[in-house]
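Here the structure comes first, spelled out in structure tokens, and everything after it is commentary.
Per chain, numbering begins at 1; letters A, B, ... match sequence-line order.
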2 protein chains.
Amino acid sequence: MNHQNAVENEHDFQRIDNLDKQVLVALQHNARVPYAELAKRFGVSAATIHVRVEKMKQTGIINGTQVLLDPKALGYQVCCFIGINLKAAGDYPAVLAKLEALAEVTEAYYTTGHYSIFIKIRCRNIDALHRLLVDQIQAITQIQSTETLLSLSQPISRQITP
Amino acid sequence: MNHQNAVENEHDFQRIDNLDKQVLVALQHNARVPYAELAKRFGVSAATIHVRVEKMKQTGIINGTQVLLDPKALGYQVCCFIGINLKAAGDYPAVLAKLEALAEVTEAYYTTGHYSIFIKIRCRNIDALHRLLVDQIQAITQIQSTETLLSLSQPISRQITP
DNA sequence: GATGAAAAAATTTGCGG
DNA sequence: CCGCAAATTTTTTCATC
């Protein structure tokens with residue numbers, strides 16, 4: 001019998017070759033770049049690019065594509081992080097459900113260290129942040145305390161290099 | 001004289017209509033979806049979708065497109081945030097330049113509150129994180145102290161709703 | 001602005017090395 | 001695994017409403 005799916009292997013991740021890496025880097029910068037252009041750039045056929053991309057979708061390396069929106073151009077001037085402490089660790093699922101219902105919460109992390117939950121917020125202005133914090137977040141009964149980090153600028157924004 | 005470029009206007013952002021919003025939401029989920037399909041879905045022509053997308057690129061609402069990679073599938077098991085305090089506020093540019101040179105630093109924020117700089121890290125495992133922290137980050141002389149928040153999971157990950 | 005049709009370009013498939 | 005080339009689909013342009 002063959003048991004090659006070693007899920008308990010410490011190195012359980014996909015190995016990719018150099019062409020795969022180049023394709024991923026290119027698609028990180030522009031997900032709509034024609035495969036024919038990548039083919040020319042990397043000295044292979046467009047069909048090969050197509051095959052590589054499909055395989056990486058299959059294996060889960062590629063999770064999808066998305067357009068990047070500029071929050072400020074849409075009127076979302078404020079970015080901040082909020083560290084949340086819960087009254088009891090078991091309240092985590094209930095609090096998460098309430099946070100998920102707030103459109104301004106764009107990311108949430110379950111963390112060790114100073115906070116139980118750590119979230120990223122985008123809102124229109126400081127007033128909107130104030131109202132969100134007081135009326136929506138601190139109103140969640142299972143939350144014991146919050147701490148806000150206001151982001152003034154984001155000088156680095158990128159993905160890992162494959 | 002006409003002075004319509006009110007950069008000091010508190011509402012200085014692009015107004016978009018309902019079709020624009022629908023297109024953006026669709027492209028947030030799949031940046032490669034054919035315009036013809038969106039056209040059918042929203043009851044307009046493919047040419048209209050094309051015009052709308054081009055306009056939103058022009059006005060800066062659309063910043064580009066990117067493929068989403070699964071860090072774990074590529075062997076990056078660990079995600080964490082590090083809060084950094086500097087010895088002097090003026091050291092900010094020098095420290096930022098050094099952080100930018102570290103591929104594991106995927107995001108950096110200039111923040112008010114407990115930390116001067118707040119960064120997000122992706123690395124292969126805890127050992128790699130340990131080495132990065134001690135050998136690369138705490139070795140930056142302008143850094144006074146660091147605080148690490150390890151992320152155990154990320155239950156929410158999305159962009160703002162246009 | 002939006003549209004339909006035409007032109008140009010890109011994706012996708014299947015055969016063969 | 002790769003490439004060629006055909007078949008299909010998509011993007012892009014443009015005259016017209």
- line: Letter by letter from the 5' end, nucleotides 3-17 of chain C scores (B base, S sugar-phosphate only, - none; protein heavy atoms under 4.0 Å) BB-----SSSB----

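- Taking a cutoff of 4.0 Å between a charged side-chain nitrogen and a carboxylate oxygen, R52(B) and D17(B) qualify as a salt bridge.
- A salt bridge does not link K40(A) with E37(A): none of the charged nitrogens is closer than 4.0 Å to a carboxylate oxygen.
- Under the 6.0 Å cut-off for aromatic ring centres, F118(A) and F118(B) qualify, their centroids lying closer than that.
- Judged by the 6.0 Å distance and 45° axis criteria, R122(A) is not positioned over the aromatic ring of Y76(A).
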task: Could you walk me through whether L133(B) and I82(B) pass side-chain contact (heavy atoms from CB on, under 4.5 Å), step by step?
output: CA-CA 9 Å; L133(B) 197 57; I82(B) 300 179; 3.5 Å; yes

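- Taking side-chain N and O atoms only, R52(B) has a distance below 4.0 Å to OP1 or OP2 of dA2(C).
- Going from atom CZ of F42(A) over to atom C1' of dC2(D) covers 17 Å, rounded to whole Å.
- When the side-chain contact (heavy atoms from CB on, under 4.5 Å) test is applied to S45(A), the partners found at least two apart in sequence or on another chain are A47(A), T48(A).
- For the pair K40(B) NZ and dT9(D) P, the interatomic distance rounds to 11 Å; values are reported in whole Å.
- Rounded to whole Å, atom P of dC2(D) lies 12 Å from atom CG of N18(A).
- For the pair K55(A) NZ and dC1(D) C1', the computed distance is 8 Å after rounding to whole Å.
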